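Since the structure is predicted, the reported quantities are computational estimates derived from the model, not experimental observations. Order of appearance sets the numbers: ligands from 1, and atoms from 1 within every ligand.
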Amino acid sequence: MTQTRPAPENSPLLAVCDVSVVFGGIVALNGVSFEMRQGQILGLIGPNGAGKTTLFNCLSRLYQPSAGDILMEGRSILNRPPHRIAEIGIGRTFQNVALFPNLSVLDNVRLGAHSRTNSDIVSDSLRLPWVRRGEAELNGRVHEIVSYLELDGVAHTTVSGLPFGTQKRVELARALAAEPKILLLDEPAGGLNHEEVHALGDLIRRIRSDRKVTVLLVEHHMGLVMSIADHVVALNFGRKLAEGTPSVVQSDPDVIKAYLGSKDQ
Ligand code: ATP
């Protein structure tokens, strides 16, 4: 049995420890380590094929590292299936939006909130008192988040009829409804225009400060990463190339070389 002591005050919220991922003969990640502190916005960057998505998929438990560990508040998350990461406070959004297109905004967000409840099918079907109390609490939370993301006007609209930028906000609402400690954002700026990217940057910063959510941002849009991240980790060919403040990473000769040699930016 694994015994875990409570994490000390200054310990990281999330620790990626020497993580490697090998697909057949391809080493997608090679001994990558970094830490995330509570309240941080961490940008994960790198040219095409650097390993960003692979790492994101390890964090959201879609991929299993070939070596290394990932610790959330001092405990390994590697024995958790993807549908059980919300319970430990990890929320995510998807690159191409993964909502239920035929459900309303409210119902999509409600599903996100449900992923954090402890209800079971017997209690639910008997509508036991704590289930009713839980439902009222859940509904309140869903409406609060829908308002927070300024989605009241489309709360009852079917998601498939909404513009892409609004769908992305619904996805964010769904992830926030589970009250995550860490929010993993997979290329949130993809498909958005200049104004929408600017608004997204403000929104991510507001979410961090209003809701005390720590954010990991995988993003190609360098302007967005450099303007909102406190800390940046740069990958290239599966290895960590550099990490530090945006200005340190931006002026790192290896990072400049990696980007100049790629088709990005
Ligand atoms: P991009 O910015 O283009 O999305 P990335 O930084 O996210 O790139 P990954 O998608 O993680 O990079 O890919 C890292 C390496 O692993 C690449 O060489 C890629 O071809 C390979 N790879 C990723 N997923 C798989 C997979 N499921 N099977 C085989 N190889 C894979």
Name the residue from V16, L235, L217 that meets the side-chain contact (heavy atoms from CB on, under 4.5 Å) definition with L44.
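So, applying the side-chain contact (heavy atoms from CB on, under 4.5 Å) to L44 and each of V16, L235, L217, only L235 qualifies.
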ring-ring contact (aromatic ring centres under 6.0 Å, His included) contacts in which one or both residues fall within residues 21-40, not counting sequence neighbours:
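Only F23-Y63 qualify under ring-ring contact (aromatic ring centres under 6.0 Å, His included).
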From the options N236, T54, N48, select the one whose nearest heavy atom is closest to atom 3 (O) of ligand 1.
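Shortest heavy-atom distance from atom 3 (O) of ligand 1: N48.
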Can you confirm whether more than 12 heavy atoms, excluding those of F237, are under 6.0 Å from its CZ atom?
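Atom CZ in F237 is not crowded, with 12 or fewer foreign heavy atoms closer than 6.0 Å.
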Within-4.5 Å side-chain heavy-atom neighbours: F100 and D107
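Of all side-chain heavy-atom pairs linking D107 with F100, none is under 4.5 Å.
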Taking the side chain as every heavy atom from C-beta outward, state whether V249 and L241 have any pair of such atoms under 4.5 Å apart.
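Not touching, per the 4.5 Å side-chain cut-off.
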Between ligand 1 and [X], is the shortest N or O to N or O distance under 3.5 Å?
X	answer
H220	yes
A28	no
I26	no

Examine the proximity of ligand 1 to Y63 and report which part, side chain or backbone, both or neither, has a heavy atom under 4.0 Å away.
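The side chain, only.
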If the contact criterion is a heavy-atom separation under 4.0 Å, does [X] count as touching ligand 1?
X	answer
G49	yes
F56	no
P47	yes

Partner of D230 under side chain to side chain donor-acceptor pair (under 3.5 Å), chosen from Q40, R208, R37
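Exactly one pass, corresponding to R208.
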Numbered atoms and elements of ligand 1 in range of A50, under 4.0 angstrom, heavy atoms
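Ligand 1 atoms under the 4.0 Å threshold to A50: 5 (P), 6 (O), 12 (O).
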Just jot down the side chain to side chain contact (heavy atoms under 4.5 Å, CB included) partners of S251, sequence neighbours excluded, or say none.
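Scan of S251 (side chain to side chain contact (heavy atoms under 4.5 Å, CB included), adjacent residues dropped) gives none.
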